[in-house]
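Only one structure is covered here, and it is reproduced in the block below.
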Number of protein chains: 2
Amino acid sequence: MIKGHQSWIFESKPTIISSAAVGGPFEAKGALAEDFDILHEDIWLGQDSFEKAEKVLLEHACERAIKKANMKKEDIDFFISGDLMNQIISSSFAARTLGIPYLGIFGACSSAMEGLALASLIVDSKFAKHILTAASSHNAAAEKQFRYPTEYGGQKPPTSQWTVTGAGAGIVSSEGNGPKVTSATIGRVVDMGISDPFNMGSAMAPAAVDTIEAHFRDLQIDPSYYDIIATGDLGTVGHELASILLKENGFEMPKEKFTDCGTLIYKKEQQVFSGASGCGCAATVTYGHFLNEMRKGNLKKILIVATGALMSPMSYQQKESIPSVAHAVSIEI
Amino acid sequence: MIKGHQSWIFESKPTIISSAAVGGPFEAKGALAEDFDILHEDIWLGQDSFEKAEKVLLEHACERAIKKANMKKEDIDFFISGDLMNQIISSSFAARTLGIPYLGIFGACSSAMEGLALASLIVDSKFAKHILTAASSHNAAAEKQFRYPTEYGGQKPPTSQWTVTGAGAGIVSSEGNGPKVTSATIGRVVDMGISDPFNMGSAMAPAAVDTIEAHFRDLQIDPSYYDIIATGDLGTVGHELASILLKENGFEMPKEKFTDCGTLIYKKEQQVFSGASGCGCAATVTYGHFLNEMRKGNLKKILIVATGALMSPMSYQQKESIPSVAHAVSIEI
């Protein structure tokens, strides 16, 4: 801990002993398909609602992460999870299935890193040995809740983003092998007045910038410290804006190093407008792709800056702008 | 920490250096009116929507707690908050106003104690000096979202509960005077198959029982340890059920000791059916009434077991039952 600052430094370096990513049919056609543990051909996952399908995605990711760690769910001390659904029902219903003492969180699409930060703090301070943390989203469930049911075939502007159908989960442990969580920076809510729910990337960019700058300031490092600095789901529009804002504030981010989960997950020919979004975006790209790259030795130090737009359809209807937050977690191997 | 168990024991005994409770006009007529710091005559709090009114309630509770601690918001390291609104907009919009690094949580009506447990853990493990934690609910905003707008004048069965219009906030610090948080027990999700949203108390009672028993088991204590053991918002129906279940499992809970925030806050002549509920129930009764009683010397050891029904209107419409959770926090002076 650096007193008076917003970052946590984990002396014991909690280990991500296993992780898993689960996706849907569109993710199966994406650029990172090989990094998913399970890819479902059926967007319904055999369920009778998209909401239930999202719960199953999350359960699959959790169960796979537990299996990959050669553990049973009884070995896990706590489950920390969040998602985009009203009252985070995906997480809470998965917690019912798992039966593990449960802490529900909500940080919109920043939830994956809020969960990983909290799990790491709890393990680092020896209040748990093993914590399972996860996040999920489902394209059709999110569209139905936040915009229009996908069956309507509504048109979208180029600034809009595509909610990932996917769930990512990781087990953070006090011992074992794997990538280590070295620090986390908890974000402040930043709101620059953008109120267009079809332009979330721009709304969230200033929050990402605020957290990245706080991270560098608190840890007294600069962008050269990391191999990759990845924002959660700013998309091309928001990520470009974040680069400009960081440059204006004195942080020149090298193009090969500064990336965004929302621009990585799909192929160029997939029509996703500004890029991907959703809790499942940073969750699957981190717990799948990036951790796999670390295990292969291709990446040594990464900073994941998951961004969240903290609005609801009602706050938008009541003419509120979109408050945003970003939580950053540093992982090293 | 007791390894393999679900309770946290805080060696440094984090201190609740200040707390505040804010309520609406119905709470002003209630049994605990004197324990509120601010009571609003206007259910709208001068806002043009009930949702915005709830945000203002929460802001007032936070601002008052900060003022009572003779602090400024810049002195607070983190803000942990949750509420019942979709995407916890009350908390996130209050976090925008406060500008303090923010962790959003969701445990339905258990949120107040989830927040206090996490705040205490973070302070105990020296990752923060001062954490502000809060929770809120607003009767008309909750009715509109979960059941019917209050303007419809819908009829309710006797098992139903009355959502508190109120917010409670506390500042947990590594030093200072005041009641100390000594331990917390994080609940598992329990679901006994009840699916009636007008009978939340019965749905939540088994979760309260599960957490209370885990607390006694983990800490190797029995009900005699506490002056008061208060469930969050089971109401008369759920609380009676919890007493019966605990007795069946070998824990005879003395009537004068085992109470429920939802049965305390209003007067008998106030028509609230089975009792009060909402995140604001356990939050205002704890951060107002119980902490005041501790400061006056009338109570020395209390256990607050906040209960949450983790459903959404959609999960109910999709014929799901109501998963429930309870988080317990032990406070001593």
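Throughout, protein chains are lettered first and strands after them, A, B, ... in sequence-line order, and every chain is numbered starting at 1.
Annotation: maximal heavy-atom pairing with chain A below 4.5 Å, among Thr185(B), Val189(B), Ile88(B), Thr97(B), occurs at Val189(B). Taking Ser315(A), Gly107(A), Ser324(A) one by one and counting their heavy-atom pairs under 4.5 Å with chain B, the maximum is reached by Ser315(A). Counting heavy-atom pairs closer than 4.5 Å to chain A, the top residue among Ile122(B), Val325(B), Leu98(B), Ile100(B) is Ile122(B). Taking chain B as the reference chain and counting heavy-atom pairs below 4.5 Å, the highest number among Ser49(A), Ala108(A), Pro313(A), Ser111(A) is found for Ser49(A). No other option in Ser110(B), Ser312(B), Gly308(B), Ser125(B) has as many heavy-atom pairs under 4.5 Å with chain A as Ser312(B).
The shortest non-hydrogen separation linking Leu310(B) to Phe93(A) is O-CE1, 3.8 Å. Residues Ile186(B) and Pro101(A) come closest through the heavy atom pair O-CB, 3.6 Å. Annotation for Met85(A) and Gln87(B): closest pair C-NE2, 3.9 Å, computed over non-hydrogen atoms. Counting all heavy atoms, side chain and backbone alike, Arg188(B) lies closest to Gly99(A) at CD-O, 3.1 Å. For the pair Gly104(A) and Glu114(B), the tightest heavy-atom approach, listed with the atom from each and the gap, is O-OE2, 2.6 Å. Shown here for Gln318(B) and Lys52(A), the closest heavy-atom pair between the two residues is O-NZ, 3.4 Å.
Judged by distance alone, the side chain of Gln6(A) and the main-chain N or O of Asp77(B) form no donor-acceptor pair under 3.5 Å.
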Q: Begin from the C-alpha positions of Glu320(A) and Arg96(B) and carry the test side chain to side chain contact (heavy atoms under 4.5 Å, CB included) through to its verdict.
A: CA-CA 12 Å; Glu320(A) 282 278 9; Arg96(B) 177 178 71 179; 3.1 Å; yes
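Phe78(B) touches chain A through its side chain: at least one heavy atom from C-beta onward sits under 4.5 Å away, while N, CA, C and O do not. There is no contact between Glu74(A) and chain B, counting heavy-atom distances below 4.5 Å. In this structure, no portion of His130(B) lies under 4.5 Å from any heavy atom of chain A. Proximity to chain A (any heavy atom under 4.5 Å) is restricted, for Asp124(B), to the side chain, taken from C-beta onward. Contacts between Ser321(B) and chain A at a heavy-atom distance below 4.5 Å involve backbone atoms as well as side-chain atoms. Proximity to chain A (any heavy atom under 4.5 Å) is restricted, for Leu118(B), to the side chain, taken from C-beta onward. Contacts of Ala95(B) with chain A are made by both backbone and side-chain atoms, with heavy-atom separations under 4.5 Å. Using a 4.5 Å cut-off between heavy atoms, Lys319(B) makes no contact with chain A at all.
Interatomic distance, CZ of Phe106(A) versus CG of Leu103(B), reported as 13.5 Å (0.5 Å rounding). Distance check: Ile89(B) CD1 to Tyr316(A) OH gives 14.5 Å after rounding to the nearest 0.5 Å.
Under a cut-off of 6.0 angstrom, the local environment of OH in Tyr148(B) is sparse, with at most 12 non-hydrogen atoms contributed by other residues, nucleotides or ligands. Atom CE of Met192(B) has 12 or fewer heavy atoms from other residues, nucleotides or ligands within 6.0 Å.
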